[in-house]
Amino acid sequence: MADPKGFLTTPRRLPPRRPVDERVRDWNEVYEPGGLLPIINAQAGRCMDCGVPFCHEGCPLGNLIPDWNDLVSRDDWLRASERLHATNNFPEFTGRLCPAPCESACVLAINQPAVTIKNVEVAIADRAWESGYVSPKPPERLSGRTVAVIGSGPAGLAAAQQLTRAGHTVAVYERDDRVGGLLRYGIPEFKMEKRHLDRRLRQMRAEGTRFRTGVGVGTDVDAAELRARYDAVVIAVGARAWRELPVPGRELAGIHQAMEYLPLANRVQEGDYARPPITAEGKHVVIVGGGDTGADCLGTVLRQGAASVTQLDIHPRPGDERSEGEPWPTYPKIYRMSAAHEEAQELATSPGADVDARVFSATTVRFEGAAPDGVRPHGGVRALRLIGTGADGQAEAGGGRVLPADLVLLALGFRGPERDSGLFEQLGLELDARGNIARDASFATAADGVFVAGDAGRGQSLIVWAIAEGRSAAAAVDRYLAGATGLPSPVGPADRPMTA
């Protein structure tokens with residue numbers, strides 16, 4: 001430890017965000033450029049170097065957090081980068097996008113603010129790229145075996161990089177026109193600029209990984225034929241089957257799924273459109289769903305210039321502290337304000353909200369709209385009617401409230417992999433009890449040589465779990481092809497986050 005009393009003498013500090021009125025006018029990341037470097041050494045020095053680092057349990061990757069905290073506090077960025085990349089293929093992604101369950105499990109968090117682990121992580125990753133510490137690592141020799149990875153989200157990319165470095169010839173198939181999956185088209189630019197993704201993809205190409213975009217396996221290419229051409233296949237298609245809201249008026253025009261809306265906004269940043277086909281500009285917007293996807297929609301709506309925006313959360317407002325039923329080191333459900341919620345609060349764009357942009361304990365009962373016409377055969381949405389939800393989850397009595405709504409975005413989460421892709425029939429895949437692709441303890445499906453990684457087998461989860469699964473599935477594939485493996489396997493298919 002550089003400072004054995006750092007956790008006692010140094011308060012927790014977060015990097016400064018850019019002013020709200022500035023950042024909602026562009027799509028750049030919300031933090032001040034370079035804002036981490038003046039504070040990060042001292043923040044890393046708050047790590048207690050505790051005897052049993054529970055942050056390891058909070059992180060499914062098994063990141064060596066105390067090690068690289070100590071190295072950063074000593075300004076040893078090269079060794080810190082080596083420790084970080086030993087367990088995480090893409091720390092610049094997780095450092096920006098992961099909700100940091102490691103911080104909830106930090107021993108210091110028992111009675112003090114946790115170490116800013118996530119910020120230390122992204123500072124190491126960015127410094128490593130800037131200093132030239134990150135370079136391609138092609139294999140010393142090729143195995144002569146081939147692997148197809150279906151899907152280029154974090155699980156697929158992690159599996160592909162690990163298998164390529166193990167000497168196998170890997171091709172990643174992506175149905176979209178660009179590589180990255182939800183990292184590309186689901187995550188808004190203001191949360192992670194796509195230059196970070198493109199930079200990592202250049203590294204992977206230099207290592208030998210091949211990418212096939214615009215190819216839907218199961219539709220454009222028969223999955224069984226693909227399996228016959230490769231020695232093994234990894235399915236990493238995510239959990240893209242979105243949940244619906246079957247209430248009266250759902251057929252009205254102007255009601256869209258979040259994952260219909262967000263990719264179009266990202267495509268504007270890619271140069272595909274000058275103006276997105278679905279835009280919030282000048283509209284009264286209601287977002288149904290209180291999770292991270294809803295917050296992504298909120299930040300996007302604000303940057304498109306909505307007249308107003310309200311986000312509905314069916315759950316009660318969480319408390320500011322851990323409840324007794326969520327003891328340390330579990331990840332607690334507490335009130336958190338994302339950058340998008342901060343923006344909505346400061347801009348006062350949600351006059352009907354309980355706090356920031358959100359209405360809690362809210363259940364949508366129906367949509368109301370204009371009569372059909374020649375332009376809109378189903379009519380257009382004009383309002384959303386909601387009622388309160390009690391602590392028991394049951395709807396409260398009464399007439400409820402009506403919110404104006406020209407655009408409604410459904411951010412209700414996902415229920416597993418898409419069933420209509422052709423993969424299930426062509427490969428003979430089965431579903432487990434939770435509606436995901438069934439697999440055994442080695443990530444293998446019922447089809448010989450076919451493995452599943454990430455949300456397709458786990459269900460909707462965090463980016464850090466997707467990368468961990470990609471690494472573990474790669475080890476399983478390497479063992480299948482070579483009889484043994486030296487690749488790390490940080491998680492098993494049945495592992496789950498810590499809960500009370």
Side-chain angles (χ1 to χ4, degrees), residues 17-27 30 188 190 245 247-250 252-258 261-262 265 276 278-320 334-370 379-390 395-412:
R17 291 170 176 168
R18 296 189 291 135
V20 167
D21 61 350
E22 171 190 315
R23 69 190 196 228
V24 296
R25 291 189 175 94
D26 62 42
W27 294 85
V30 301
F190 57 82
L245 185 60
V247 299
R250 172 62 181 90
L252 292 168
I255 303 172
H256 302 278
Q257 288 283 347
Y261 169 72
L262 289 173
I278 304 173
T279 180
E281 183 179 358
K283 297 178 181 178
H284 297 288
V285 183
V286 177
I287 302 165
V288 184
D292 288 343
T293 303
D296 292 345
C297 289
L298 175 62
T300 303
V301 163
L302 293 173
R303 283 160 177 76
Q304 290 180 346
S308 71
V309 56
T310 306
Q311 183 180 6
L312 306 182
D313 192 330
I314 196 172
H315 301 102
R317 184 190 187 281
D320 295 327
I334 59 175
Y335 174 71
R336 295 178 173 88
M337 181 178 285
S338 70
H341 293 116
E342 178 188 61
E343 293 158 4
Q345 184 175 62
E346 185 167 324
L347 296 173
T349 53
S350 310
D354 298 335
V355 61
D356 50 68
R358 287 171 280 190
V359 175
F360 291 97
S361 300
T363 298
T364 303
V365 292
R366 71 171 180 269
F367 301 110
E368 300 172 353
V381 66
R382 291 292 178 266
L384 177 151
R385 183 173 291 275
L386 62 89
I387 56 175
T389 305
E396 297 175 345
R401 298 169 56 184
V402 176
L403 298 177
D406 306 309
L407 173 65
V408 175
L409 302 174
L410 305 180
L412 302 170

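What's counted below: heavy atoms across the whole structure, side chains too, no hydrogens, waters or symmetry copies. Numbers here are sequence positions counted from 1.
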Between V402 and A383, the two heavy atoms sitting closest are CG1-CB, 3.7 Å
Approximate separation, where rounding is to 0.5 Å, of D356 CG and T310 OG1: 10.5 Å
Show every side chain to side chain donor-acceptor pair (under 3.5 Å) that has at least one partner inside residues 297-309, sequence neighbours left out. Y261-Q304, H284-S308, R303-E343
Heavy-atom nearest pair, A353 first then V359, reads CA-CG2, 3.8 Å
Apply side chain to side chain contact (heavy atoms under 4.5 Å, CB included) to E342 and list each qualifying residue two or more places apart in sequence or on a separate chain. R17, V20, R23, M337
Side chain to side chain contact (heavy atoms under 4.5 Å, CB included) involving V355 - partner list, sequence neighbours excluded: R317, Y335, Q345, F360
How would you list, by chain and number, every residue that makes a salt bridge (Lys or Arg N to Asp or Glu O under 4.0 Å) with E22, sequence neighbours excluded? R18
So which atom in G299 and which in A340 form the shortest heavy-atom distance, rounded to 0.1 Å? N-CB, 3.6 Å
For V30 against A339, the heavy-atom pair lying closest together: CG2-CB, 4.0 Å
Under the side chain to side chain contact (heavy atoms under 4.5 Å, CB included) test, which residues partner D292, sequence neighbours left out? none
Using 0.5 Å steps for rounding, measure from the CD1 atom of I278 to the NZ atom of K283. 8.5 Å
Out of curiosity, L347 CG to D21 CG, how far, rounded to the nearest 0.5 Å? 8.0 Å
What I'd like to find out is whether the side chain of L410 reaches to under 4.5 Å of the side chain of H256, using heavy atoms alone. no
Quick one, V301 with L409, criterion side-chain contact (heavy atoms from CB on, under 4.5 Å). Give me CA distance, side-chain angles, the key distance, then yes/no. CA-CA 10 Å; V301 163; L409 302 174; 3.9 Å; yes
Rounded to the nearest 0.5 Å, how far does CG of L252 lie from CD of E368? 9.5 Å
Could I get the full list of salt bridge (Lys or Arg N to Asp or Glu O under 4.0 Å) partners for R250, not counting sequence neighbours? E244
Distance check, rounded to the nearest 0.5 Å: L386 atom CG versus R366 atom CZ? 11.0 Å
Measure from the side-chain N and O atoms of Q311 to the backbone N and O of G289, and report whether any donor-acceptor pair falls under 3.5 Å. yes
Nearest heavy-atom neighbours spanning A411 and I287: CB-CG2, 4.4 Å
L312 and L403: side-chain contact (heavy atoms from CB on, under 4.5 Å), yes or no, with the steps? CA-CA 11 Å; L312 306 182; L403 298 177; 3.9 Å; yes
Heavy-atom nearest pair, P188 first then L262, reads CG-CD2, 4.5 Å
Reported CD1-to-OG1 distance for the pair I314 and T363, which is rounded to 0.5 angstrom: 4.0 Å
